[in-house]
Amino acid sequence: MSSPTTEPPETDPAFIAKEEDFTKLPSELSHVDWTKPISWSKYEPYPPSHDADAITTTDDDGDKQTVAVAPHLPLTPEGTKPSFKPPHKALEFHVHATSGRARYTTVHLPHGPVATPVFMPVGTKGTLKGLSPMDVTNSDALNNQIILANTYHLALQPGTELIRDAGGLHNFMNWDRNILTDSGGFQMVSLLKLAEITEEGVTFENPFLSDNNDKEGETNSSNKKRTRQEATESGSMMLLRPEDSIYHQNNIGSDIIMALDDVVSSVADDKTRFQIATYRTLRWLDRCFAAHRRPHDQNLFPIVQGGLDVSRGGLRDVCLAGFRERDDKAPGYAIGGLAGGESKDDFWKVVDHCCRALPDTKPRYLMGVGYPLDLVVCTGLGVDMYDCVYPTRTARFGVALIDGEAPGTLRLKSHACSEDYRVIMHGCKCMACAGGYTRSQLHAMLKNDNPLAVSLVTHHNLAYMMALNKRMRDAIKNDAYGDFARSFVCDQYRGKDSGGQDVPKWVKDALAAAEISLD
């Protein structure tokens, strides 16, 4: 580990754009041919990327032509040990099997291997609510290899300097496996009322210190807001620059850290704001790379932004082209700016567009997505990693995840469960199901606000997600992912003729893009 620094680095003025340049295309992209798809390091079944080798063929008339071809993706046997060679000494990516665009891989990280597809539970403040690290690591039903924590929240409480002095978040929370930290960029959307975004960074009003915050840190509009100067003088303002985000994440010591990006709500109606944010995300990425002092044991992932614009040469392409220029510095990539209320049709098209562009030799992480159906669809499109608060948050409302008819949930507080003496889901190995806790018993415990019930349902929901991950990996290993996805979808949507629901059009369209037919 590099020696700790007590302060984040200053911003290099060379990275700061003038306001009149906010909407100008970055100079490094002036040579890009926007009429062609943006992609690199692609293998079958994707079309060849711009860097693909060309071969000469002869047609029936004897005419020769040179065409680019996508090679077969090299596969690595399971169990192969990592060598952690430069340029990315803290990550090695092994693809073991593919099934269409879905892939079974291992992401080797400093705290052990992570098999993908993988869902990462969210421990925002360094803990999974209702579970101890032992509940996670000592359970065959969970056995998570990686969890997520949030930089913004940890920087506020307890402070990343304290975490650093405790030996990093792994020691602080007694967790010996991998951690991924978000950069704090998402809070630009979730805490927008408390934030001001400039070229320098984003300034938040601390929800824990402000006088006008209500629950969950959201501003109560009926209270008189203090001026920003008053908030600054009171010490309740927090400036988060790219340099600050990386400084905090270096202190935390997570295995994967995220670049600070300029995030705009996917449902915002401001084209200029999206353009500014996309170009700024590239400038901020350069600042993140420059500030990163632990590349030997922490992996910095850029986050693709660009709103919902997947047009040829559109904002997603601009961001992707910018990342292609910086590919030697990035051990993996994330797809951001989604799961914010956009239509499912827009959602899958952005995921599809990014997976078609991003290199097949590095992991792809879809941020903030955790509905089981979304995982099944997006894995078919080529995503490897996911995170979301959904399984744990919905457990705190007494809702369990189960197989079967959409939406695939069981409301344990409902009257229907009061005299139901079955476990949540037959065959589940979680503490609740394996322990024999019936739906009726959990119903009564939840109605009486028994905290044990929340822990049991949380354990169940995470066990469900881990089992789903394994089912997807097994299907890919057997080159049967299309069959698995078809079975999963048809189990949730039996059709109106069978007394269920019809498959949503977006699901059909997304799977068709992955060449998976539901017929």
Side-chain angles (χ1 to χ4, degrees), residues 17 21-40 42 46-47 49-50 101 183 185-186 188-190 192 197 199 202 258-286 301-327 330 333-359 364-369 374 377-378 381-383 505-506 509-510 512-514:
D21 295 330
F22 283 176
T23 57
K24 290 183 179 180
L25 185 72
S27 59
E28 73 269 18
L29 302 181
S30 59
H31 69 284
V32 176
D33 183 353
W34 300 108
T35 66
K36 296 180 179 180
I38 303 300
S39 64
W40 67 106
K42 302 305 292 184
Y46 296 98
S49 49
H50 85 289
R101 289 165 60 178
S183 64
F186 176 71
M188 295 183 201
V189 175
S190 64
L192 183 60
I197 304 163
E199 180 70 6
V202 54
M258 306 307 299
L260 184 67
D261 48 345
D262 189 351
V263 186
V264 184
S265 169
S266 60
V267 296
D269 186 20
D270 188 338
K271 292 183 179 179
T272 300
R273 176 71 184 94
F274 275 115
Q275 185 180 37
I276 292 172
T278 303
Y279 297 170
R280 180 176 287 151
T281 291
L282 295 176
R283 293 193 298 274
W284 281 9
L285 175 60
D286 290 334
F301 281 23
I303 305 172
V304 183
Q305 291 294 341
L308 304 176
D309 184 4
V310 294
S311 62
R312 185 66 60 85
L315 291 179
R316 287 279 172 175
D317 272 1
V318 169
C319 196
L320 287 161
F323 289 175
R324 186 172 65 184
E325 293 292 315
R326 299 160 172 83
D327 183 66
Y333 293 95
I335 303 169
L338 295 174
E342 71 280 349
S343 73
K344 284 294 189 179
D345 198 47
D346 285 328
F347 163 77
W348 81 259
K349 288 178 180 177
V350 172
V351 175
D352 176 58
H353 187 82
C354 293
C355 286
R356 289 178 183 274
L358 292 168
R364 296 188 282 254
Y365 161 36
L366 180 56
M367 305 182 74
V369 172
D374 292 351
V377 170
C378 293
L381 293 172
V383 174
K505 184 177 183 298
W506 78 269
D509 292 344

For this session: Kindly compute the distance separating CZ (F274) from OG1 (T23), expressed to the nearest 0.5 Å.
Result: 16.0 Å
Seminar exercise, completed: Heavy-atom nearest pair, L381 first then Y46, reads O-OH, 3.4 Å
Exercise. Is any side-chain heavy atom of E342 less than 4.5 Å from a side-chain heavy atom of V350?
Worked result: no
Problem set entry | CG/D33: more than 12 non-hydrogen atoms of other groups inside 6.0 Å | yes
Problem set entry | Distance, nearest 0.5 Å, that separates CD of E325 from CG of L320 | 12.0 Å
Exercise. When you look at V264 and D270, which way does the side chain to side chain contact (heavy atoms under 4.5 Å, CB included) test go after all the steps?
Worked result: CA-CA 9 Å; V264 184; D270 188 338; over 6 Å; no
For this session: Determine yes or no for a side-chain-to-main-chain donor-acceptor pair under 3.5 angstrom, with D317 supplying the side chain and I38 the backbone.
Result: no
Exercise. Heavy atoms, side chains only, cut-off 4.5 Å: are W506 and K349 in contact?
Worked result: no
Exercise. To the nearest 0.5 Å, what is the distance between CD1 (I276) and NZ (K24)?
Worked result: 13.0 Å
Problem set entry | Nearest atoms (heavy-atom pairs only) where V304 meets R316 | O-NH1, 2.9 Å
Problem set entry | Spatial distance of atom OG (S27) from atom CG (D21) [nearest 0.5 Å] | 10.0 Å
Exercise. With a 4.5 Å limit on heavy-atom distance, are the side chains of V377 and F347 in contact?
Worked result: no
For this session: Could you tell me whether the side chain of L308 reaches within less than 4.5 Å of the side chain of L338, counting heavy atoms only?
Result: yes
For this session: For residues I197 and D262, report the shortest heavy-atom separation together with the two atoms involved.
Result: CG2-OD1, 3.9 Å
Exercise. Is D286 salt-bridged to R326, cutoff N-O under 4.0 Å?
Worked result: yes
Exercise. Parallel, tilted or perpendicular: which describes the rings of Y333 and W40, with under 30° parallel and over 60° perpendicular?
Worked result: perpendicular
For this session: Examine distances only and state if a side-chain atom of R364 and a backbone atom of L358 form a donor-acceptor pair shorter than 3.5 Å.
Result: yes
Exercise. Just how far is it from atom CZ of R356 to atom OG of S49, taken to the nearest 0.5 Å?
Worked result: 13.5 Å
Problem set entry | Distance-minimising heavy-atom pair for G382 and C355 | C-SG, 3.8 Å
Exercise. Does some side-chain heavy atom of P359 sit less than 4.5 Å from a side-chain heavy atom of D327?
Worked result: yes
Exercise. Is R324 reaching over with its side chain to a backbone N or O of A357, donor-acceptor style, under 3.5 angstrom?
Worked result: no
Seminar exercise, completed: Smallest heavy-atom separation, A513 atom then W348 atom, equals CB-CZ3, 3.6 Å
Exercise. Is W34 close to L29 at the side-chain level, that is, under 4.5 Å between some pair of heavy atoms?
Worked result: yes
Problem set entry | Heavy-atom check, side chain of V318 versus side chain of Y279, under 4.5 Å | yes
Exercise. Shortest non-hydrogen contact from I335 to C354?
Worked result: CD1-CB, 3.6 Å
Exercise. Just wondering, do K344 and D374 contact through their side chains at under 4.5 Å, heavy atoms?
Worked result: yes
Exercise. Does D261 use its side chain to pair, donor to acceptor, with the backbone of V263 at less than 3.5 Å?
Worked result: no
